Amino acid sequence: MVLPIEAALAPRGRGVPRLHRRPLWRAAGFLQDLPEWTGTAGALAFLSATVFYALVVGGYARTVSESLTSAAGFEIAAVKLSGQKETTEFEILEALEIQAGTSLALFDAAAARERLSRIPWIETVSVQKLYPGTLQVSIDERDAYALWQRGDSLSVIDAKGQVISDDVDGRYANLLMLVGHGAQYRGAEILDALGAVPELRSRVRAARLVSDRRWDLLLENGITVRLPEHDVARALDDVMRMDNETGLLTRDITVVDIRLPDRVVVRLTDEAALRRKAEMKTRGKVRRTGGDA
C-alpha cells in the first residue's frame with residue numbers, strides 16, 4: 001500500500017514504538033531522584049576544573065601546590081649541613097634555591113644536587129628530605145693538594161690537577177707550588193720524591209717543570225736545585241749528603257746543578273763571586289811578592 005506523503009510524515013498515536021518514548025520517561029525519573037545539592041556540586045566541580053585549567057595555562061599551578069602543601073605542614077623549616085669546610089653556607093643555600101614557603105614535598109632534590117655539584121670545592125653531595133620539614137645536605141669536599149702557578153695566575157688544585165679555586169690565601173702556605181703549564185698534572189711525581197727527604201721538603205718553596213721533562217727546586221733561601229730527568233731520588237740523596245757534610249744549601253750560591261751523575265756544579269751569588277775574585281787577586285799578589293823576595 002502506498003501512503004500519501006502527508007500520511008507518512010504525520011505522527012501516529014498508538015503506533016509510535018515504545019522505544020522512542022522510554023528515554024524521556026527514564027531521564028525525567030532520574031533527574032527527579034537526584035539529591036537537591038547535585039546541581040550545586042556540579043557547578044562547583046565545573047568551576048574548580050575551570051580554575052585549575054586557568055592555573056595550569058597561566059603557570060600558577062606549582063605556586064598554588066606549594067602553598068597548599070606548605071600550609072599542610074610540609075614547608076622547609078630547617079636545612080642540616082655536614083661535611084663542608086671550604087664551601088660557605090651562603091654558597092650552599094644559594095644553590096639550594098629555597099625560598100619562604102618552599103614545600104619539602106615538591107622540592108626537587110635531584111636538581112638541587114646537580115646545582116651543588118657545580119661548586120668547585122664539592123666533589124660529591126647528597127640531598128635528603130626528612131619529613132615533615134627538614135632538608136639534609138651531606139658534602140664531601142675535594143682536598144687541596146698543591147698550588148699551581150702559570151704566569152701571573154695562581155690556583156689551588158687537587159691531586160688530579162684540576163683547579164679548585166683561584167682564591168689563594170695564607171691557609172695554603174704549606175702547599176708546594178707547581179710552576180709551569182703541565183706541572184699541575186705531574187705534581188705527584190715530585191711530591192712523592194720530596195716525601196722521601198722531609199728535611200729537604202720543608203725548605204722547598206716551589207717546583208718548576210722545565211721543558212716538560214725535569215724539575216727545578218726553588219728553595220726558600222733563593223737557591224735553585226736543578227734535578228736530572230731521571231733518577232731523581234738518587235740526586236736528592238746526594239744533595240742532602242753534601243749539605244750535611246759541607247752545608248752546601250746554606251752557602252752564598254744561587255744554583256746547585258746535579259743533572260750530571262758524576263759532578264755537581266754550583267753558581268755563586270754576585271757578592272760571593274766578587275769576594276772570590278778579590279781573594280784570588282790578593283793571593284796572586286802574595287805569590288808574586290813572595291817570588292820577588
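All heavy atoms count here, side chains included; hydrogens, waters and symmetry mates do not. Predicted, not measured: the structure shown is a model, and the values here were computed from it.
A 4.5 Å side-chain heavy-atom check between T254 and V266 finds every atom pair outside the cut-off. For the pair V256/V264, a side-chain contact is recorded, criterion being any heavy-atom separation below 4.5 Å from C-beta on. By the 4.5 Å heavy-atom criterion applied to side chains, Q162 and Y145 are not counted as neighbours. Looking only at side-chain heavy atoms (C-beta outward), I76 and K129 stay at 4.5 Å or farther from each other. Taking the side chain as every heavy atom from C-beta outward, R234 and P261 approach each other to under 4.5 Å. Side-chain atoms of T102 and E75, non-hydrogen and from C-beta on, never get closer than 4.5 Å to each other.
Legend: salt bridge (charged side-chain N to carboxylate O under 4.0 Å, His left out) pairs involving residues 88-104, not counting sequence neighbours, sorted by first then second residue: E97-R115. For residues 141-153, every residue pair satisfying the salt bridge (charged side-chain N to carboxylate O under 4.0 Å, His left out) rule, not counting sequence neighbours, is listed here: R142-D158.
Among residues two or more places apart in sequence or in another chain, the side chain to side chain contact (heavy atoms under 4.5 Å, CB included) test is passed with D167 by S165. In this view, D270 satisfies the side chain to side chain contact (heavy atoms under 4.5 Å, CB included) rule with no residue, not counting sequence neighbours. Partners of D216 under the salt bridge (charged side-chain N to carboxylate O under 4.0 Å, His left out) rule, at least two apart in sequence or in another chain, are R208, R214. Partners of A100 by side chain to side chain contact (heavy atoms under 4.5 Å, CB included), not counting sequence neighbours: none found. The side chain to side chain contact (heavy atoms under 4.5 Å, CB included) check on R275 picks up D252, E271, A272, with sequence neighbours excluded. The salt bridge (charged side-chain N to carboxylate O under 4.0 Å, His left out) search around R259 returns D257, not counting sequence neighbours.
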One pair to check against side-chain contact (heavy atoms from CB on, under 4.5 Å): T134 and K80. What are the steps and the verdict? CA-CA 7 Å; T134 301; K80 292 184 177 180; 4.0 Å; yes
Working for salt bridge (charged side-chain N to carboxylate O under 4.0 Å, His left out), residues D243 and R203: CA-CA 12 Å; D243 183 61; R203 301 159 70 176; 3.1 Å; yes
Please lay out, stage by stage, how L209 and H181 fare under the test side-chain contact (heavy atoms from CB on, under 4.5 Å). CA-CA 8 Å; L209 185 63; H181 290 282; over 6 Å; no
Could you walk me through whether W215 and E189 pass the side-chain contact (heavy atoms from CB on, under 4.5 Å) test, one step at a time? CA-CA 10 Å; W215 295 92; E189 64 185 58; 2.9 Å; yes
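For the atom pair I139 CD1 and L116 CG, the distance stands at 6.0 Å (nearest 0.5 Å). With rounding to the nearest 0.5 angstrom, the CG atom of D108 is 11.5 Å from the CG atom of L96. Atom CD of Q84 and atom CD1 of I119 lie 10.5 Å apart (nearest 0.5 Å).
The two residues L178 and G187 make their nearest non-hydrogen contact at CD1-CA, 3.5 Å. The shortest heavy-atom contact between G180 and W148 is O-NE1, 2.9 Å. Shortest non-hydrogen contact noted between P132 and L104 is O-CD2, 3.6 Å.
Hydrophobic clustering, with ILVMFWY side chains joined whenever heavy atoms are under 4.5 angstrom apart, keeps L81 apart from F90. L274 and I253 fall into different hydrophobic clusters, where Ile, Leu, Val, Met, Phe, Trp and Tyr are joined by side-chain heavy atoms under 4.5 Å apart, directly or via other members. Under the 4.5 Å side-chain heavy-atom criterion for Ile, Leu, Val, Met, Phe, Trp and Tyr, L260 and V255 are members of distinct hydrophobic clusters. Grouping the Ile, Leu, Val, Met, Phe, Trp and Tyr side chains by contacts below 4.5 angstrom, directly or via other members, places V210 apart from V232. The hydrophobic clustering, which links ILVMFWY residues whose side-chain heavy atoms are closer than 4.5 Å, places M242 and L236 together.
Between D238 and R241, at least one side-chain N (NZ, or NE/NH1/NH2) sits under 4.0 Å from a carboxylate O, which counts as a salt bridge.
Summarising the hydrophobic clusters (Ile, Leu, Val, Met, Phe, Trp, Tyr; side-chain heavy atoms under 4.5 Å, direct or chained), the residues clustered with V156 are W121, L147, L154, I164, V168, Y172, L175, M177, V179. Residue L130 belongs to no hydrophobic cluster, having no ILVMFWY side-chain heavy atom closer than 4.5 Å to its own.
At most 12 heavy atoms of other shown residues, nucleotides or ligands fall within 6.0 angstrom of atom CZ in R267. Heavy-atom contacts from other residues, nucleotides or ligands closer than 6.0 Å to CD of Q99 number 12 or fewer.
S117 contributes a side-chain N or O that, together with a main-chain N or O of E114, makes up a donor-acceptor pair within less than 3.5 Å.
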Could you go through residues 218-230 and list every donor-acceptor pair under 3.5 Å that involves a side-chain atom there, pairing it with any protein atom two or more places apart or in another chain?
{"residue": "N221", "atom": "OD1", "partner": "I223", "partner atom": "N", "Å": "3.3"}
{"residue": "N221", "atom": "ND2", "partner": "L249", "partner atom": "O", "Å": "2.8"}
{"residue": "E229", "atom": "OE1", "partner": "R213", "partner atom": "NH1", "Å": "3.1"}

Sequence neighbours excluded and cut-off under 3.5 Å, please list the side-chain donor-acceptor pairs for residues 190-201, or say none.
{"residue": "R201", "atom": "NH1", "partner": "V204", "partner atom": "O", "Å": "3.3"}
{"residue": "R201", "atom": "NH2", "partner": "N174", "partner atom": "O", "Å": "3.3"}

